[in-house]
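Notes to accompany the following structure.
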Amino acid sequence: GSAGLAAAVELLGPEVLTPDGALDRPRVASAIFGDPALKAGLENIIHPITWELMNAELDGHRDHPVVLVSVPLLFEAGLETFFSPVIMVFAPAATQRERLMARNPRLTVAAAQAMIDNQWPAPPKVMGSTVVINNGGTLDETARQVGVVWQALVE
């Protein structure tokens with residue numbers, strides 16, 4: 001029922017809705033990752049709405065010493081200058097693909113790879129980050145790295 005959903009449906013067509021009226025994310029991904037102009041059009045709808053919602057949420061936390069904001073396309077959207085420090089969490093492309101497909105069994109290998117290919121590769125993001133967490137191993141290994149970073153942030 002949001003304005004963003006209505007604009008997305010206007011851009012992409014009603015077939016991106018599930019029978020109950022929710023956004024069918026796999027269908028959206030399938031549509032936009034094969035069409036750069038369509039992807040840019042959707043980003044032009046979503047990014048301003050997301051930025052507005054994020055700013056409203058951050059306003060309520062200005063007095064907190066640490067506020068974490070997850071921005072999946074931080075570098076791609078040119079938003080890295082708005083945050084400090086920038087903590088990048090990455091996994092190798094093969095691991096990303098496996099995890100995408102595990103979360104969404106309808107996703108083909110080609111579609112998962114297209115999603116990964118639409119992101120910047122890790123090296124330039126690593127260079128632009130203050131801290132890098134390797135999420136390619138076990139959950140315990142990632143949790144240990146996060147714990148070290150968190151401790152540094154709160155000290």
Side-chain angles (χ1 to χ4, degrees), residues 1-133 135-136 139 142 146 149 153:
S2 71
L5 179 60
V9 170
E10 185 176 326
L11 175 70
L12 302 171
E15 60 274 5
V16 299
L17 293 176
T18 63
D20 65 352
L23 190 66
D24 185 335
R25 291 176 182 271
R27 189 164 286 181
V28 170
S30 174
I32 67 168
F33 288 118
D35 186 334
L38 202 54
K39 180 177 177 278
L42 185 60
E43 288 172 347
N44 287 336
I45 293 167
I46 300 299
H47 289 178
I49 294 168
T50 302
W51 189 253
E52 182 179 321
L53 291 170
M54 183 182 62
N55 279 327
E57 182 69 24
L58 287 173
D59 282 343
H61 298 287
R62 299 277 182 215
D63 59 337
H64 291 92
V66 177
V67 178
L68 297 176
V69 180
S70 176
V71 185
L73 298 174
L74 180 76
F75 290 95
E76 292 84 345
L79 299 175
E80 68 277 8
T81 59
F82 293 97
F83 299 95
S84 181
V86 172
I87 302 169
M88 180 194 167
V89 180
F90 83 97
T95 303
Q96 286 180 292
R97 189 173 49 252
E98 288 171 19
R99 290 175 181 171
L100 276 169
M101 294 180 74
R103 278 196 315 264
N104 182 358
R106 296 188 324 184
L107 203 59
T108 65
V109 172
Q113 191 60 51
M115 292 172 76
I116 293 166
D117 291 343
N118 271 279
Q119 299 175 21
W120 282 14
K125 293 192 281 190
V126 166
M127 291 179 59
S129 298
T130 313
V131 176
V132 178
I133 295 174
N135 188 24
L139 186 57
T142 302
V146 169
V149 172
L153 288 172

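What you are looking at is a predicted structure, and each value in this text was computed from that prediction instead of being measured.
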Provide the closest heavy-atom pair for [X] versus [Y] in the form atom of the first, atom of the second, distance.
X: S2; Y: L5; result: OG-N, 3.0 Å
X: K125; Y: S129; result: O-OG, 2.6 Å
X: A8; Y: I45; result: N-CD1, 4.2 Å

Check residues 69-93 and write down every donor-acceptor pair under 3.5 Å in which the side-chain atom is one partner and the other belongs to a residue at least two apart or another chain.
from	atom 1	to	atom 2	distance (Å)
E76	OE2	W120	N	2.7

Would you give the length of the straight line joining atom [atom1] of [X] to atom [atom2] of [Y], rounded to the nearest 0.5 angstrom?
X: Q96; Y: N135; atom1: CD; atom2: CG; value: 9.5 Å
X: L11; Y: N44; atom1: CG; atom2: CG; value: 9.5 Å
X: I32; Y: M115; atom1: CD1; atom2: CE; value: 7.5 Å

Would you be so kind as to tabulate the donor-acceptor pairs closer than 3.5 Å made by side chains of residues 34-42, with sequence neighbours excluded?
from	atom 1	to	atom 2	distance (Å)
D35	OD1	A37	N	3.1
D35	OD1	L38	N	3.1
K39	NZ	E43	OE2	2.8

Quick one: which residue pairs count as a side chain to side chain donor-acceptor pair (under 3.5 Å) with a foot in residues 106-118, not counting sequence neighbours? D24-R106, R97-Q113, Q113-D117

Should the heavy atoms of other residues, nucleotides or ligands under 6.0 Å from CZ of R99 be counted, would the total exceed 12? yes

More than 12 heavy atoms from other groups under 6.0 Å of CD on E15: yes

